[in-house]
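Some notes on the structure that comes next.
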Amino acid sequence: MSAGKTMIVLGGGGFIGQRTVREAVKAGWTVKALARSDASARLAAEAGALVLRSDAGKTADWLGQLEGADAVIDLVQPAVPARLGRRQVEVISEERQAFTKTLLQALRSQPADRRPMLVSVSGIDDLGPDRNGYISANSSLTTKNSGFNPIGIPVRRLIEKSGIKASFVYLGTIYGPGGVFGEAIFPALAAGKWKNFGGGADRMILTHVDDAARGLVRIAGLGASRIAGKSIVITDAEPVDMAAFFGLAAQLMGVAGPGRVPKWMASLVAGQSLIEATLHTTPVRPAYLDSPDFDLTYPSYRQGLPLALAALGLRRGVSKPELHDNATAAQGI
């Protein structure tokens with residue numbers, strides 16, 4: 001437990017953020033959450049946070065809250081357009097780097113012995129294969145420009161150059177009862193408007209939102225002496241192709257399975273960077289496999305998907321449960 005410790009969650013009203021707040025409060029943290037809209041502030045407050053109602057860019061409103069905190073989890077995400085091509089990713093990268101510079105400057109202003117540890121969160125696009133051919137905690141930053149790594153890699157380099165103690169957490173594509181899957185993709189599948197894309201070697205590397213939140217809170221509680229400077233990968237143990245994932249989703253919803261379009265066609269609509277961030281050919285070895293004190297609640301989409309669809313009211317023949325039911329409830333659905 002982390003009773004007496006204070007955590008700041010930047011982006012605390014977001015899809016991952018509100019669940020991170022909830023997990024941290026459950027673990028005994030006092031949580032302060034930065035939220036940029038009334039809706040996100042309400043969600044963060046309902047999760048148990050003391051809300052700092054401000055946009056991340058208005059640093060004068062909230063940077064003073066860093067003093068005395070034990071950990072800062074950075075889940076800030078600039079506004080994301082519907083299409084994510086190279087140019088859109090460059091714009092987001094510039095915003096993220098500007099924010100990171102401001103955050104690091106504020107952290108440096110704190111006495112070294114009172115400075116909170118930073119937990120920086122990004123996607124597995126940032127990492128290249130390790131010597132065994134896996135994306136893992138032993139991976140170096142990739143030299144390949146792909147997906148969203150033009151955002152995450154410059155941010156990590158800024159943090160490392162600053163000397164601020166930080167850990168670097170890498171997540172797969174986040175799914176669950178909310179976010180882009182809950183608000184757009186699953187409803188599109190239910191309406192017969194979703195199309196799979198990619199070839200036989202392409203796989204989705206997934207992370208259930210609740211496992212991401214639990215992992216981030218667990219990492220923050222370990223302290224800088226154990227994890228500063230380290231990479232941590234939190235993803236499902238089982239990569240999955242789109243046909244299997246959305247085939248199961250369609251079956252659970254009682255609708256027809258989706259068709260398929262070529263990747264180049266999907267890129268025209270969604271943007272090349274988004275397609276690259278969604279599909280991977282390099283296998284992943286999650287860090288939690290080597291940790292005896294952290295296991296995923298949903299190690300496979302087979303456990304996470306049924307509950308997510310039920311929570312959204314999209315699973316055929318199942319009434320909508322509470323969004324924060326656990327895996328035991330999922331098995332009983």
Side-chain angles (χ1 to χ4, degrees), residues 6-25 29-66 69-81 84 89 91-104 106-107 116-123 126 148 151-152 155-156 158-159 164 166-183 207-220 234 277:
T6 299
M7 174 189 294
I8 295 178
V9 181
L10 306 177
F15 183 40
I16 305 175
Q18 61 181 288
R19 284 165 170 77
T20 301
V21 169
R22 193 178 300 275
E23 290 293 334
V25 170
W29 292 83
T30 296
V31 184
K32 299 178 181 180
L34 183 67
R36 64 186 175 192
S37 70
D38 291 340
S40 61
R42 176 180 57 80
L43 290 170
E46 289 174 353
L50 305 172
V51 178
L52 311 174
R53 176 66 175 84
S54 176
D55 188 279
K58 298 178 180 178
T59 53
D61 293 348
W62 60 269
L63 284 180
Q65 299 292 334
L66 293 173
D70 297 282
V72 177
I73 298 180
D74 182 6
L75 290 168
V76 168
Q77 179 174 293
V80 177
L84 281 168
V89 167
V91 171
I92 294 173
S93 179
E94 291 168 3
E95 293 182 32
R96 284 292 290 134
Q97 290 179 68
F99 170 73
T100 300
K101 290 175 183 178
T102 302
L103 176 59
L104 293 173
L107 289 170
M117 187 188 72
L118 175 61
V119 179
S120 180
V121 184
S122 193
D126 298 4
F148 299 152
I151 303 171
V155 166
R156 175 160 183 166
L158 285 171
I159 295 170
I164 295 294
S167 64
F168 303 94
V169 181
Y170 295 96
L171 305 174
T173 297
I174 300 295
Y175 79 103
V180 68
F181 276 86
E183 294 168 8
T207 305
H208 191 283
V209 62
D210 290 341
D211 286 324
R214 287 179 53 246
L216 290 171
V217 172
R218 171 66 181 146
I219 289 160
I234 303 176

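Between Gly13 and Gln18 the shortest heavy-atom distance is O-NE2, 3.8 Å. Ala44 and Gly12 make their closest contact through CB-O, 3.7 Å (heavy atoms, listed as atom of the first residue, atom of the second, distance). Residues Val25 and Ala47 approach most closely at CG2-O, 3.9 Å, considering heavy atoms. Nearest heavy-atom pair across Ala69 and Ile8 is CB-CD1, 3.9 Å. Residues Ile159 and Ala166 come closest through the heavy atom pair CG2-CB, 3.6 Å. A pairwise comparison of heavy atoms in Ile92 and Pro81 identifies CD1-CD, 4.2 Å as the closest pair.
Looking only at side-chain heavy atoms (C-beta outward), Leu118 and Leu104 come within less than 4.5 Å of each other. When side chains are defined from C-beta on, Ile73 does not count as touching Ile219, because their heavy atoms never get closer than 4.5 Å.
Remark: Ser122 engages Asp126 in a side-chain hydrogen bond (donor to acceptor under 3.5 Å, both in side chains) (not counting sequence neighbours). Checked against salt bridge (charged side-chain N to carboxylate O under 4.0 Å, His left out), Glu46 has the following partners two or more places apart in sequence or in another chain: Arg42. Looking at residues two or more places apart in sequence or on another chain, you find no side-chain hydrogen bond (donor to acceptor under 3.5 Å, both in side chains) involving Thr102. For the side-chain contact (heavy atoms from CB on, under 4.5 Å) test, residues two or more places apart in sequence or in another chain that qualify with Glu95 are Pro78, Val91. Take Phe15 and apply the side-chain contact (heavy atoms from CB on, under 4.5 Å) test, not counting sequence neighbours, and it matches Arg19, Ile174, Val209.
Residue Asp211 holds its CG atom at 11.5 Å from CD1 of Ile16, rounded to the nearest 0.5 Å. Separating the CD1 atom in Ile151 from the CG atom in Leu84 is a distance of 7.5 Å, to the nearest 0.5 Å. In this structure, CG in Leu10 is found 11.5 Å from OG1 in Thr20, a value given to the nearest 0.5 Å.
Remark: of the listed residues Val9, Leu216, Val217, Leu216 is the sole one forming a side chain to side chain contact (heavy atoms under 4.5 Å, CB included) with Val119.
Look at Arg22 and Asp210 and you find no salt bridge, because none of the NZ, NE, NH1 or NH2 atoms lies under 4.0 Å from a carboxylate O.
Pairs engaging residues 169-183 under the side-chain hydrogen bond (donor to acceptor under 3.5 Å, both in side chains) rule: Arg156-Tyr170 [sequence neighbours left out].
Distance alone, capped at 3.5 Å, places no donor-acceptor pair between the Asp70 side chain and the Met7 backbone. Panel note: side chain Arg53, backbone Arg36; a donor-acceptor pair is recorded below 3.5 Å. A donor-acceptor pair is defined here as one N or O able to donate and one able to accept, closer than 3.5 Å; no such pair exists between the side chain of Thr100 and the backbone of Val155.
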